[in-house]
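Notes for the one structure printed next.
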Amino acid sequence: MDLELSEDQKLFRNTTVKFLENEAPIEKVRELNKSGEGFPRDFWSQGAELGWAALLVPEDLGGGSISGDGFKDLAIVAEEFGRLTSPGPIIAVNVVIAGLVEGAASGPDHSSEIEGLMSGESIGTWAAYEPNGHWDPLNPSTSAAANAGNYVITGVKDRIEVGAEADVFLVSAKTDAGIALFLVPADAPGVTVESVDSLDFVRRYATARFDGVTVPAEAMVGTEASAAEITERMFQVAVALQCAETNGAIDRVFEFTVQWAFDRYSFGRPLASYQALKHRFSDMRTWLECCMATTDAAVQAVNDRDPEAGRLVSVAKAYVGTKAVQIVQDCVQMHGGLGVTWEHDIHLYLRRVMVDRQLYGTPTDHKRRIADLIGL
Amino acid sequence: MSDQMESVESFRSRAQAWLEGGGLPARKTSADPREAPAAGESDHETDGLALWQRQRELQKMLFAGGFAGIAFPSEYGGQGLSRAHQAAFDDVSEKYEMPLLLNVPSLAICSAMLIDMGTEEQKQKYVRGAISGELILCQFLSEPSGGSDLAGLLTRASRDGDTYVINGQKTWSTNAFAADFATCLVRTDWDAPKHRGLSMIIVPVHDPATHMNRVQMVNGAMEFCEEFFTDLVVPAENLVGTENDGWTVGQRQLFYERQAVGGGSPYTSGRSPDRGSRSGLTIEEVARKVGKDKDPATRELVGWAHAQDTVNHQLIKRITVGMTSGDYPAMASSMMRLAHAEIPQQKQDMMLDIAGDQAVTSLPEGDGFLKSIGVSYLMRQGASLGGGSSEMSRNMISERVLMMPREYAADRDVPFKDVRRGR
Ligand SMILES: Cc1cc2nc3c(=O)[nH]c(=O)nc-3n(C[C@H](O)[C@H](O)[C@H](O)COP(=O)(O)OP(=O)(O)OC[C@H]3O[C@@H](n4cnc5c(N)ncnc54)[C@H](O)[C@@H]3O)c2cc1C
């Protein structure tokens with residue numbers, strides 16, 4: 001949690017927390033998992049009414065945030081999503097919005113699509129991974145061939161968050177002039193989508209096939225010249241939100257695990273009185289603080305469009321990605337056998353932080369990216 | 001303070017102009033370890049008195065220029081400015097020779113504590129003295145019987161009229177040979193339980209009644225000292241705080257020590273070059289020197305080291321904000337302290353890994369710098385012992401931040417003279 005929130009931001013956070021606790025408590029997450037439903041559509045549109053998809057949208061397009069620091073506000077929401085492992089395309093939709101807003105400076109106008117996403121009417125997602133590939137969004141093998149004022153898109157994307165629920169995909173593809181991004185409606189002829197589960201209880205992914213899908217030239221987001229920059233912006237938004245979400249999850253897990261250590265007795269004294277365990281709690285508390293510190297710095301930098309944002313985002317992902325799973329596993333250990341049961345909620349959190357760790361570049365990918373960025 | 005504080009930006013340009021105008025000499029080379037030993041690190045080069053004389057001269061230059069003790073109150077020779085001003089000065093002074101050895105403990109620990117706990121006369125003499133480069137302070141806390149259990153110390157002081165007479169032994173006192181005065185924690189009441197019979201007294205380091213030995217460290221350095229006091233007489237006015245309330249004073253000193261060792265002190269001037277060892281090489285430079293800079297596994301280690309260094313700085317900032325706003329208790333500084341041991345230790349591990357066999361042998365044609373990575377690895381644990389051990393930090397975090405039950409103490413409420421001790 002950012003220690004320097006304004007009063008308005010605190011208020012916004014409380015509204016978010018209340019809404020999530022009422023609409024998507026952990027029991028609800030379990031129910032959704034059982035029913036196979038990723039997230040209820042009306043849950044998302046209500047969230048959109050609270051402004052969850054408006055924070056990165058400029059005011060002249062009807063968006064905005066109370067604090068004026070839209071990305072910081074969005075990170076607050078993401079953190080609260082993590083605290084309850086909430087369902088919903090908070091990252092997917094906002095990443096697409098970030099791309100569309102960024103693309104508006106150089107390419108075709110997508111304000112009506114932005115409006116649809118912002119109101120919650122439509123769901124968008126970024127289709128960047130390709131089968132068997134690592135995270136490498138600037139090297140798609142999917143192609144977009146220019147044809148009489150249109151583009152014909154052919155290829156397969158996978159690991160698309162909320163792919164089965166999405167109304168529109170932001171697809172990266174190779175053109176004759178380089179790399180470009182296109183908005184492709186899910187119901188366009190030639191698009192087939194197959195949903196897959198993930199480890200997360202309510203975060204579902206999909207594989208989408210684009211078999212000669214024809215889109216107009218205006219479907220392009222930005223231009224070939226700006227595609228790399230737009231991609232970098234989306235990437236930064238995705239990773240920083242992911243870290244914020246992870247922080248919410250580990251903060252909550254740590255909280256209930258400390259409580260457990262006070263409540264659980266062995267040999268006539270609480271677990272919290274054993275030095276071997278106290279020391280592990282101290283380490284966890286310190287690494288948790290480090291996760292918060294580095295995520296705050298990354299969020300601030302992305303918010304401010306700081307030239308260092310790319311590096312700081314990778315620092316945060318390398319660190320949070322590495323530590324978060326360790327912290328949760330250590331907390332599982334503190335729970336004893338109970339910690340590895342389906343019944344206990346801790347695995348819901350482990351699932352969420354594992355998915356966050358692995359996608360948009362693993363910690364290893366980010367460590368190597370840092371070496372590139374510091375000029376080794 | 002009546003007038004408005006100078007803005008950080010105006011201060012920064014004033015400092016820059018002063019430095020460029022020859023206020024301080026430029027550092028010769030960035031990779032020369034002798035130029036800028038980091039606080040708390042030990043090195044042969046810090047053993048010589050000439051270097052310490054140089055530190056005093058540099059501090060005097062800073063003082064004459066109006067840039068000494070930037071965040072200290074102006075009544076005691078400081079500049080009465082903020083942490084942000086100090087950070088700005090650290091930025092612009094990186095290329096200049098700075099008296100970095102005076103940061104810890106003289107300024108950041110002993111002087112900082114005296115500002116809070118000392119008498120007016122003590123502040124005028126010792127704090128002003130340290131800031132102006134006239135004198136250097138060190139810490140006499142640890143004893144052979146145990147540093148973690150600091151309150152269990154055995155050195156005694158008895159009141160004799162207007163003086164205290166001190167007998168006993170201190171050890172592990174960093175750079176005491178180069179200092180003038182020490183803040184010395186002693187026992188003044190043996191009938192009271194251990195925390196209630198202590199007093200903090202400022203003692204001269206070089207006195208015929210004190211015998212000092214230099215203790216060699218595993219890397220060959222002679223930074224550590226041990227002192228034996230035989231009827232050392234000091235004036236009673238050297239008492240800091242009240243008699244038998246030395247634990248309160250000591251706690252304050254330890255707070256500043258954790259802050260300084262954790263890297264969050266506003267009372268240090270000048271930043272040590274960021275590197276993983278006494279070799280003066282950064283981890284990137286080590287990777288290049290051994291020709292592994294294109295190796296993906298090495299690049300991953302370098303990226304990870306960079307990430308963790310960055311996180312360490314970000315953590316300091318966060319905890320400082322939390323403690324300043326009151327969101328976090330003062331003991332939260334133990335988290336900085338813990339991270340500041342663990343993170344550099346991991347970097348040392350990575351450097352050793354990257355340097356490979358060259359870290360343990362001196363090739364005839366080879367580069368002694370790489371072996372110094374091995375030599376500094378011998379001192380690896382220093383970071384989690386000096387300034388209180390990592391285990392003590394973990395006790396603090398669990399007991400004072402997470403409020404978990406305190407460890408059982410067999411000496412609680414027992415008159416100290418009846419407490420069982422090891423050999
Ligand atoms: C580089 C360096 C510089 C130093 N500079 C100074 C100085 O300037 N002045 C000065 O006075 N001292 C100085 N010290 C001494 C330092 O403060 C002590 O080394 C430290 O407090 C540990 O005390 P000890 O060495 O007596 O270890 P001990 O207290 O004997 O501890 C031994 C081990 O047991 C662990 N341990 C002890 N008690 C407990 C417990 N209750 N629970 C769990 N673990 C425990 C410790 O963490 C440690 O690992 C310095 C030390 C170093 C390494």
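Quick note on labels: first sequence line is chain A, next is B, and so on, each numbered from 1.
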Non-hydrogen atoms of chain A under 4.5 Å away: do they reach the side chain of [X], the backbone, both or neither?
X        : value
B/Asn312 : neither
B/Ile316 : neither
B/Glu391 : both
B/Asp293 : both
B/Arg406 : backbone
B/Tyr408 : neither

Is it the case that the side chains of A/Asp296 and B/Gln314 hold a donor-acceptor pair, with the cut-off being a distance below 3.5 Å and no angle test?
no
Which residues from [range] are near chain B, with near meaning under 4.5 Å between non-hydrogen atoms?
range                       : value
residues 363-376 of chain A : A/Thr364, A/Lys367, A/Arg368, A/Ile370, A/Ala371, A/Asp372, A/Ile374, A/Gly375, A/Leu376
residues 297-322 of chain A : A/Ala297, A/Arg311, A/Leu312, A/Val315, A/Ala318, A/Tyr319, A/Thr322
residues 246-265 of chain A : A/Phe254, A/Val258, A/Ala261, A/Phe262

Considering only heavy atoms, give the residues of residues 254-262 of chain B separated from chain A by less than 4.5 Å, sorted numerically, with 'none' for an empty result.
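At a heavy-atom separation under 4.5 Å, chain A is reached by no residue of residues 254-262 of chain B.
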4.5 Å side-chain heavy-atom contact, A/Arg285 and B/Met335:
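Yes, side chains in contact.
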Does the side chain of A/Gln275 come within less than 4.5 Å of B/Arg394's, by heavy atoms?
no
